[in-house]
Protein chains: 2
Amino acid sequence: MTSANALSASLEDYLEAILLITKTKGAARSKDISKHLSVKGPSVTGALRLLAEKDLVHYAPYDVVTLTAQGRAVAENIVKRHEALHSFLFEVLQLDEQTAESTACQLEHAISESVLERLVRFVQFVKDCPRGGNNWVNGFAHNCDSGASYDVCEPCIKQCMENLSRYQKGGETDTMQIKLSEIQPGERGAIESIEAAGTIRRRLLDMGATPGTVVEVERVAPMGDPIDVKIKGYHLSLRKEEAAGIVLKKIR
Amino acid sequence: MTSANALSASLEDYLEAILLITKTKGAARSKDISKHLSVKGPSVTGALRLLAEKDLVHYAPYDVVTLTAQGRAVAENIVKRHEALHSFLFEVLQLDEQTAESTACQLEHAISESVLERLVRFVQFVKDCPRGGNNWVNGFAHNCDSGASYDVCEPCIKQCMENLSRYQKGGETDTMQIKLSEIQPGERGAIESIEAAGTIRRRLLDMGATPGTVVEVERVAPMGDPIDVKIKGYHLSLRKEEAAGIVLKKIR
DNA sequence: TTATAATATTAGTCGAGCCTAACTTTAAGT
DNA sequence: ACTTAAAGTTAGGCTCGACTAATATTATAA
Ligand SMILES: [Mn+2]
Ligand SMILES: [Mn+2]
Ligand SMILES: [Mn+2]
Ligand SMILES: [Mn+2]
């Protein structure tokens with residue numbers, strides 16, 4: 001063999017579907033997959049056999065389907081590509097949700113690791129750069145609506161100056177350190193230090209979450225536990241006590 | 001029939017190849033296409049028959065291939081999608097030329113008209129917005145190299161302020177009107193008025209080249225004729241006398 | 001527990017898109 | 001004009017990924 005790897009776009013979609021279904025229903029049945037991908041039963045059976053051969057799913061006839069460790073890793077990577085593209089299409093290009101969704105799911109199969117990294121980084125940069133941020137993205141929206149007018153830029157640039165001074169000498173205006181467990185949904189912060197230990201620490205370091213990396217809180221469950229965060233394009237769900245071990249400097 | 005349209009990714013690539021080869025060699029031979037797409041002869045013959053059935057190419061056995069009017073239009077649209085993606089990947093994400101090229105040629109097949117429009121507009125916006133421009137893109141490059149530092153932003157924002165004032169009250173600092181025929185390669189300008197008549201005028205208006213639209217000069221031939229310009233994602237080649245009918249306000 | 005409905009699998013078909021091997025046509029050189 | 005090389009086509013085969021129709025299994029409910 002040369003490199004028996006390289007899944008087809010089709011098989012990637014099956015794997016992606018299985019992961020998504022698994023996340024909400026525990027395990028995937030053939031019917032679920034069939035519905036999710038709009039294909040008929042026999043197509044699913046065929047795909048499952050191929051995926052089982054490649055050790056990406058646990059599959060026995062008439063039984064439910066689950067991902068192997070390897071399969072899960074691959075599937076998560078596909079979802080990551082999907083989400084990175086979705087973020088770009090929806091949040092940056094500001095296409096409507098449906099277009100962003102279906103386009104992302106087609107493009108995802110042609111995005112290499114290096115392109116993915118750049119894309120994630122780019123979307124992050126659009127949001128984080130003091131010249132950019134939501135203001136900048138809104139400027140694009142305004143530009144789309146109103147021909148080629150840049151008249152929203154003046155107030156924006158003033159905002160940029162403020163943002164910038166916070167980034168540069170954060171020591172005076174806003175050194176406020178805060179634990180990740182105390183932050184509100186939608187807020188963001190740059191990692192100051194990681195007090196956490198064990199699995200969480202390792203997981204964060206594996207993601208390249210070094211001090212300075214921006215963390216965004218996506219959702220906090222009713223009792224403040226668990227906390228869903230986004231970091232370098234990854235989604236992560238942390239228990240409150242785990243989140244308390246991560247010290248941030250608040251942004252914006 | 002419902003809509004016998006919708007070319008496969010493969011056929012789109014054949015059409016794209018034929019256009020590109022035609023542009024440099026007048027007409028495409030089977031061999032050229034075969035080489036361009038890295039497929040063997042019989043694959044080309046098969047594809048050509050399908051394209052001929054759809055009235056997209058003129059094809060007779062053992063003869064050279066040319067595009068029909070319809071085929072040319074479709075091919076040009078594919079190239080436009082390719083180039084829009086390439087611009088984004090190469091100029092904005094700043095991926096290396098090869099990655100940008102091959103990725104664009106895969107992604108192009110899943111880009112709808114509306115996504116294309118947004119993407120073209122976005123790349124344009126990144127370059128034109130006074131908060132953005134090359135400085136902003138360079139900021140992204142710096143951010144990629146140096147972890148997550150935004151320390152290049154200060155001088156950039158000052159530059160932004162200057163750009164902005166030119167955009168807003170261009171009457172004082174730089175109302176300089178100039179004919180498109182007098183501008184240098186790499187320079188850009190916003191359309192003030194279109195004095196041109198006839199075909200060129202119509203062609204420009206069809207592209208939606210209204211006053212305010214940004215035009216960039218790509219190349220000027222040795223004798224100043226013809227002039228290659230980029231406008232709203234389209235490439236356009238104008239004779240000097242045609243270009244003289246377009247009045248611009250210089251930018252940056 | 002047994003009938004019935006819901007799910008899943010098998011078997012066989014089809015088109016797209018590639019290939020190799022063998023043959024035909026065209027172009028070039030002598 | 002004749003020979004030969006290059007280019008192009010035909011014939012036939014293969015994989016992928018979908019489908020339908022028929023069959024088998026499992027779940028459900030009387
Ligand atoms: Mn997909
Ligand atoms: Mn997807
Ligand atoms: Mn392509
Ligand atoms: Mn292409």
Side-chain angles (χ1 to χ4, degrees), chain A residues 1-18 21-22 25-54 56-67 74 78 102 105-106 108-110, chain B residues 1-18 21-22 24-54 56-66 74 78 102 105-106 108-110:
Chain A
M1 51 159 141
T2 46
S3 83
N5 289 4
L7 288 176
S8 65
S10 170
L11 288 186
E12 285 195 345
D13 277 338
Y14 280 100
L15 222 42
E16 186 190 28
I18 294 166
I21 295 165
T22 300
K25 306 179 74 166
R29 288 175 312 157
S30 179
K31 189 74 181 313
D32 302 322
I33 302 171
S34 159
K35 206 179 298 174
H36 190 104
L37 295 177
S38 303
V39 296
K40 298 300 169 65
S43 306
V44 177
T45 306
L48 289 178
R49 263 210 293 261
L50 292 175
L51 291 172
E53 260 173 33
K54 296 173 191 288
L56 297 171
V57 300
H58 295 296
Y59 168 68
Y62 297 101
D63 201 357
V64 296
V65 183
T66 53
L67 293 165
V74 176
I78 298 163
S102 67
C105 209
Q106 289 189 264
E108 71 193 357
H109 310 288
Chain B
M1 54 162 137
T2 46
S3 82
N5 288 5
L7 288 175
S8 65
S10 169
L11 288 186
E12 285 196 344
D13 276 339
Y14 281 100
L15 222 43
E16 185 189 30
I18 294 167
I21 294 165
T22 301
T24 58
K25 306 179 75 168
R29 288 175 310 157
S30 178
K31 188 70 179 313
D32 301 322
I33 302 171
S34 160
K35 207 180 296 173
H36 190 104
L37 295 177
S38 303
V39 296
K40 297 301 168 63
S43 305
V44 177
T45 304
L48 289 178
R49 264 208 293 260
L50 293 174
L51 292 174
E53 261 172 33
K54 295 173 191 288
L56 297 171
V57 300
H58 296 297
Y59 167 70
Y62 297 103
D63 202 358
V64 295
V65 184
T66 54
V74 175
I78 298 164
S102 66
C105 209
Q106 290 190 264
E108 69 192 0
H109 310 290

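Every value quoted in this text rests on a predicted model; they were computed, and no experiment measured them. In what follows, chains carry the letters A, B, and so on, assigned in the order in which the sequence lines appear, proteins first and then strands, with residues in each chain numbered from 1.
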Could you state the atom-to-atom distance from [atom1] of [X] to [atom2] of [N] in whole Å?
X        : N      : atom1 : atom2 : value
A:Lys35  : C:dA8  : NZ    : C1'   : 15 Å
A:Ile21  : C:dT7  : CD1   : P     : 14 Å
B:Glu53  : C:dG17 : CD    : P     : 12 Å
B:Leu50  : C:dG15 : CG    : C1'   : 11 Å
A:His109 : D:dG17 : NE2   : C1'   : 14 Å
B:Lys40  : D:dA6  : NZ    : P     : 17 Å
A:Ile33  : D:dG17 : CD1   : P     : 15 Å

Those residues that, when tested against [X], pass side chain to side chain contact (heavy atoms under 4.5 Å, CB included) (two or more places apart):
X       : answer
A:Ser8  : A:Ser10, A:Leu11
A:Ala9  : A:His109
B:Ser34 : B:Val44
A:Lys31 : none

Who pairs with [X] by salt bridge (charged side-chain N to carboxylate O under 4.0 Å, His left out), at least two apart in sequence or on another chain?
X       : answer
A:Lys40 : none
B:Arg29 : B:Asp32
B:Asp13 : none
B:Lys35 : none

Residues which pass side-chain hydrogen bond (donor to acceptor under 3.5 Å, both in side chains) with B:Gln106, listed by chain and number, not counting sequence neighbours: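 Partners of B:Gln106 by the side-chain hydrogen bond (donor to acceptor under 3.5 Å, both in side chains) criterion come out as none, since no residue qualifies.
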A:Val39, A:Leu50, A:Val57, A:Val65 screened by side-chain contact (heavy atoms from CB on, under 4.5 Å) with A:Tyr14, the one that passes: A:Val39
From SG (A:Cys105) to CD1 (A:Ile78), nearest 0.5 Å: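 Separation between the atoms: 9.5 Å.
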What pairs of nitrogen or oxygen atoms, one from the protein and one from nucleotides 13-15 of chain D, lie under 3.5 Å apart?
none

Protein-nucleotides 8-10 of chain D N/O pairs closer than 3.5 Å?
unit_1, atom_1, unit_2, atom_2, d
D:dG8, OP1, B:Ser30, N, 3.3
D:dG8, OP2, B:Lys31, N, 2.7
D:dT9, OP1, B:Tyr59, OH, 2.4
D:dT9, OP1, B:Tyr62, N, 3.3
D:dT9, OP2, B:Thr45, OG1, 2.8
D:dT9, O4', B:Tyr62, OH, 3.4
D:dT10, OP2, B:Arg49, NH1, 2.7

Stretch residues 7-17 of chain A: residues that reach within less than 4.0 Å of DNA chain D through a heavy atom: A:Ser8, A:Ser10, A:Tyr14
